[in-house]
Amino acid sequence: DGDGDGDGSVENGSSDEQTELIESVCEIGKCVNALIEACISNLMDLEDSPTFTQLISVVNESIMFAITLLGHEDDGVAECVVNSIILYIQNIRTGSLEYNEVLFDRIVPTTLQKMRFNGETEFENEEMFALFVQYRHNLKSILSNLKNINVERLTAVACAFAIECFDGSTWMDVELGVYIAFVLLEIAQTQPFQESDDEEGSLTLFGQLLECVCNLELNENFHEVLLLQYFEVVGRMGKFLLLSEEYLRSCIGSFFTDFGISSVNSKVRARACYLFSVLLREKEFRNALDSYVYEILSSILPLIQDGKKLGRDNELNLFEAVGWLLTLPALSQEERKETVDQYLQSLLDQFTQLMSDDYPACVSAREKQEIVDAMCHTLSAIERISKGFGKLVGDEHEDIRSVFMNAVEVVTPAVNIHNGQLIAALHKFVHRMIALLEVHVAPFLHTIITGFLQFSDNEDIEEISVLLVHLVKKFKGDVAPLLNTVLEEYIQQVFSATEHSIEDNELDDKATRRSLLKSFYSVIAVIVNNQLSGILLSEENVGFASDLVQAIMQGASSEDNGPREQKCCFSILRSLMKQWLNSDGECVDEVAAAIEWFPDIVRSDLVIACFTAVSHPSFKLKDAQCHQVVGEAGAVLLHIYGMYGETFLMYLQDDLLPMQGVNEELIQQFLEGIQEGFKMSKVHAKKVVAKKLKSVAHEIQQQQQQ
């Protein structure tokens with residue numbers, strides 16, 4: 001360290017001499033790092049060796065030197081030994097090395113001091129700033145590992161160090177104190193803020209540190225970095241703020257100063273808006289603001305009205321904050337409705353104008369994009385403000401529900417605008433309104449879904465699939481009338497998108513189709529699993545029922561599909577057999593006229609699909625997911641045997657399996673497995689049949705290779 005005084009400083013000299021000296025010290029640091037790592041890696045092997053004690057001594061002496069290098073004024077030197085210090089700490093935790101309190105107390109303050117910004121130059125270059133932030137993150141890893149050894153000691157030492165930082169002479173000292181509070185809120189979140197649980201309990205050192213943050217008075221001399229760090233901490237200390245009305249008022253008030261949400265600095269403004277909305281997501285914290293709700297809402301409204309200055313993303317965070325605040329008990333139902341109206345009506349008026357007048361009149365692509373951006377922003381704003389509502393739009397709160405119903409009504413015609421960005425935003429909006437309004441949104445769904453289907457490409461069809469799954473899961477049988485009116489068009493869109501052939505080398509197109517089919521299978525699966533398969537045979541849909549079943553069988557046996565999609569398809573087919581066929585394999589009376597063709601498909605095509613699916617050359621029988629496919633195919637075969645008995649077995653023995661090249665001995669073993677499995681519980685039967693089917697599939701694969 002130059003003069004041997006242990007402070008890690010470099011002697012005064014020319015720039016070249018200093019650079020050369022630092023490079024030399026870096027090399028020493030790398031050697032120390034390598035020595036510690038090598039010694040520790042050999043500890044276990046040499047545990048019973050006479051040299052073990054000497055090795056421990058080398059590690060301890062080396063780690064002391066490494067801590068000295070960690071405190072070197074040049075960050076490059078310090079960074080050379082970070083990994084070895086972390087490795088040392090990890091081996092204390094595992095018991096390979098003994099805990100040393102003296103070393104512990106040296107590592108913590110040295111690490112914390114290195115987290116300090118050294119001067120304004122670190123902010124003049126974005127790359128330098130990013131490198132320092134990464135360096136800080138590496139140093140935090142030291143503290144994160146120390147937490148696993150003695151979190152109480154770490155918290156005490158770090159808090160004492162940080163509290164002193166608030167008395168520092170520069171904003172960089174204060175910023176370090178705030179940053180340490182940020183780190184401790186993450187890695188020591190289980191540590192108490194008070195000495196006892198009662199209200200009069202004195203603050204622990206951790207509590208005192210957070211109190212220092214609360215007492216900070218923001219001013220124009222605070223650097224952007226300090227302001228950002230301050231709000232990051234406040235946004236995470238909601239539980240502490242609940243300890244005192246003074247803490248709560250001080251920190252919430254700071255968001256609405258010229259150094260927070262109204263800051264001229266766009267970065268500070270953005271984080272303040274976001275973190276304020278995050279704080280309000282915690283119900284306990286939100287309820288503590290009940291007495292301030294009018295004051296806060298009156299502060300937010302002017303900011304939203306001047307949205308251009310605020311920025312759209314920031315405005316959305318404030319809309320979410322408003323939504324949470326409107327749930328507080330201090331507000332009457334009438335006040336809630338009036339406030340929601342006040343916030344949303346101007347947005348909806350603008351949306352209507354953009355959709356009906358401005359958008360059709362646009363000529364340039366830039367103008368159209370600006371309008372689409374504005375429309376998407378309105379949709380997002382309604383979604384965000386609705387987050388706080390839930391039970392507040394139930395039957396007893398019809399007045400508030402009507403506000404959001406009106407929003408859906410205004411927005412619905414936008415599905416006729418062919419713009420991918422807008423359609424994606426509408427999908428997200430519809431999902432949110434379904435969750436919020438539940439059955440009350442039903443009158444608009446037919447128009448919305450048929451609108452989506454007008455312009456659908458592969459990606460749009462996937463989004464429609466997600467929407468249909470959401471609707472069935474949410475409303476069960478109540479969604480049947482809607483499905484009857486949209487399912488035919490939806491399935492035709494899927495068939496149209498997947499009818500053309502794809503070459504083997506067109507990998508992107510293959511992946512796109514597989515993703516589309518996966519979403520399609522999920523729709524059919526959720527319909528069937530919710531006992532709604534009758535919809536597939538309704539007057540509107542029965543015309544394509546046979547093609548649909550064939551498509552699902554193709555999905556089960558196709559080598560282009562992954563094992564998850566194959567398993568899903570087999571599960572669908574097994575459920576359809578249960579719902580459409582009786583125990584003798586004949587159509588149940590309710591659907592007999594509509595699916596006369598189904599038993600024949602089951603006896604032949606479906607049986608063939610079960611073997612084809614698990615025996616094509618690319619099917620990996622040892623893969624865990626493929627094993628699930630084998631199990632599901634086996635369950636299908638077992639169900640078919642339960643319906644058709646000996647006739648089914650004779651078909652396998654005399655026709656299908658010999659044609660596949662399966663030897664007679666293996667055929668007999670498989671048939672015995674089917675018969676044996678039928679007498680067992682479902683779980684055991686599935687395992688037995690799957691094992692036998694796997695053997696048959698392996699044999700067929702062998703025959704194909706020959």
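Residues take their numbers from the sequence shown, with the count starting at 1.
Other residues, nucleotides and ligands contribute more than 12 heavy atoms inside 6.0 Å of the NE2 atom of His470. Annotation for Lys687: atom NZ does not count as buried by contact number, only 12 or fewer foreign heavy atoms lying within 6.0 Å.
Side chain to side chain, Ser465 and Ser519 meet the donor-acceptor criterion of an N or O pair below 3.5 Å. Using a 3.5 Å distance cut-off with no hydrogens or angles, the side chains of Asp373 and Gln421 do pair a donor with an acceptor. When only modelled atom types and interatomic distance are considered, Asn541 and Ser538 share a side-chain donor-acceptor pair under 3.5 Å. Between Gln493 and Glu489, the side chains place a donor N or O and an acceptor N or O closer than 3.5 Å (distance only, hydrogens not considered). Judged purely by distance below 3.5 Å, without hydrogens or angles, the side chains of Gln550 and Gln554 never pair a donor atom with an acceptor atom. Using a 3.5 Å distance cut-off with no hydrogens or angles, the side chains of Glu462 and Ser515 do pair a donor with an acceptor.
Residues Glu438 and Phe475 are in side-chain contact: their nearest non-hydrogen atoms beyond the backbone lie under 4.5 Å apart.
The closest donor-acceptor contact from the side chain of Asp460 to the backbone of Asp457 lies under 3.5 Å. Between the side chain of Ser277 and the backbone N or O of Tyr274 there is at least one donor-acceptor pair closer than 3.5 Å.
The aromatic rings of Tyr490 and Phe520 sit tilted relative to each other, their planes meeting at an angle between 30° and 60°. Classified by interplanar angle (parallel below 30°, tilted 30° to 60°, perpendicular above 60°), the ring pair Tyr641/Phe648 is tilted.
Under the 6.0 Å distance and 45° angle rule, Arg603 does not count as a cation-pi partner of Tyr651.
Salt bridge absent: Arg513 and Asp509 never bring a charged side-chain N and a carboxylate O closer than 4.0 Å.
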